[in-house]
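One structure is given below, encoded as C-alpha cells.
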Amino acid sequence: QVQLVESGGGLVQAGGSLRLSCLASGRTFSNYAMGWFRQAPGKEREFVAAISRSGGGNTYVADSVKGRFTVSRDNAKNTVYLQMNSLKPEDTAVYYCAAKFTTFSTVVPRTDEYDYWGQGTQVTVSS
C-alpha cells in the first residue's frame with residue numbers, strides 16, 4: 001500500500017501562485033510514476049501533470065496548464081510537487097496526487113492507470 005497526503009491548497013487571487021505537495025509513504029517512492037489530477041464541481045476528474053519515477057525532465061502537463069504549472073519530485077523526501085503560477089478562476093478544483101507502480105521511466109497521463117490516490121486538497125482561485 002502507498003499512502004498519499006496532499007497539502008498546500010487554499011484560496012488565492014487570480015494571477016497568484018500556489019505550490020502543492022504530496023507526501024508518499026508505505027513503499028519505495030522511486031518505484032512509482034506520479035501524477036496530479038483535479039476535479040471541479042460537476043465535472044469529471046481530469047489530468048493535470050505527470051512525472052516519471054526518476055523525475056528530471058521526464059514530465060508531461062496538460063495543454064490547459066502548460067506554461068503555468070510545473071511538476072517535480074524529490075525522491076529523497078518522498079514528495080512530488082505541483083507549482084502553479086498565473087492561476088485562473090477555472091483552475092478552481094480539488095487537486096489529487098496519484099501513484100502508479102512501474103518499472104519503466106515513463107509518464108502516465110491516464111486517470112485509470114493509477115494504483116493509489118490521495119484525499120485531495122482544495123484550490124480556489126478568486127477573480
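As a basis for the values below, the full set of heavy atoms in this structure was taken, side chains included, without hydrogen atoms, waters or symmetry mates. All residue numbers in this chain count up from 1 along the given sequence. A quick note: this is a predicted structure, and the numbers were derived from the prediction, not measured.
Ser127 OG to Gln13 CD: the interatomic distance, rounded to the nearest 0.5 Å, is 9.5 Å. Put simply, SG on Cys97 and CD1 on Ile51 are 12.5 Å apart, with the number rounded to the nearest 0.5 Å. The OG atom of Ser30 lies 11.5 Å from the CG atom of Asp74; values are rounded to the nearest 0.5 Å. In this structure, Gln3 CD and Arg27 CZ are separated by 8.5 Å, a value rounded to the nearest 0.5 Å.
Between Ser52 and Tyr60 the shortest side-chain heavy-atom distance does not fall below 4.5 Å. Using a 4.5 Å heavy-atom threshold, the side chains of Val125 and Glu90 count as separate. Counting heavy atoms from C-beta outward, Gln122 and Thr92 have side chains that approach closer than 4.5 Å.
At distances below 3.5 Å, not a single donor-acceptor pair connects side-chain atoms of Glu6 with backbone N or O atoms of Cys22. Judged by distance alone, the side chain of Asp115 and the main-chain N or O of Phe101 form a donor-acceptor pair under 3.5 Å. For Asn58 (side chain) and Gly55 (main-chain N/O), no donor-acceptor pair under 3.5 Å exists by modelled atom type. Under the 3.5 Å distance criterion, the side-chain polar atoms of Thr102 are matched with a main-chain donor or acceptor of Phe104.
Neither Val107 nor Phe69 shares a network with the other; the hydrophobic side chains, linked directly or stepwise wherever heavy atoms of I, L, V, M, F, W or Y lie under 4.5 Å apart, form separate groups for each. Cluster annotation: Val123 is connected to Val65 through the hydrophobic network of ILVMFWY side chains, with a link wherever side-chain heavy atoms come within less than 4.5 Å. Follow the hydrophobic side-chain contacts under 4.5 Å out from Met84 and you reach Val12 in the same cluster. Under a hydrophobic-cluster definition in which Ile, Leu, Val, Met, Phe, Trp and Tyr are linked whenever side-chain heavy atoms come within less than 4.5 Å, directly or via other members, Val61 and Tyr96 are assigned to different clusters.
Here Asp63 pairs with Lys66 in a salt bridge; the nearest charged N to carboxylate O distance falls below 4.0 Å.
Seen from the ring of Tyr81, Arg73 does not count as a face-on cation partner, given the 6.0 Å and 45° thresholds.
Ring pair Phe37/Trp117 is tilted by interplanar angle, where 30° to 60° counts as tilted.
The two atoms that bring Ala99 and Tyr32 nearest to each other are CB-CD2, 3.9 Å, heavy atoms only. Across Val108 and Phe47, no two heavy atoms sit closer than the pair O-CE1, 4.1 Å. Across all their heavy atoms, Thr79 and Ser21 have their closest contact at CG2-CB, 4.2 Å.
Ser17 and Asn85 share a side-chain donor-acceptor pair at under 3.5 Å. Between Tyr95 and Arg38, the side chains place a donor N or O and an acceptor N or O closer than 3.5 Å (distance only, hydrogens not considered). A side-chain donor from one of Ser105 and Ser54 sits under 3.5 Å from a side-chain acceptor of the other.
Residue Thr121 is tested with Val94, Leu20, Leu82 for a side-chain contact (heavy atoms from CB on, under 4.5 Å); the sole match is Leu20. Each of Met34, Arg53, Lys77 was compared with Phe29 under the side-chain contact (heavy atoms from CB on, under 4.5 Å) criterion, and only Met34 meets it.
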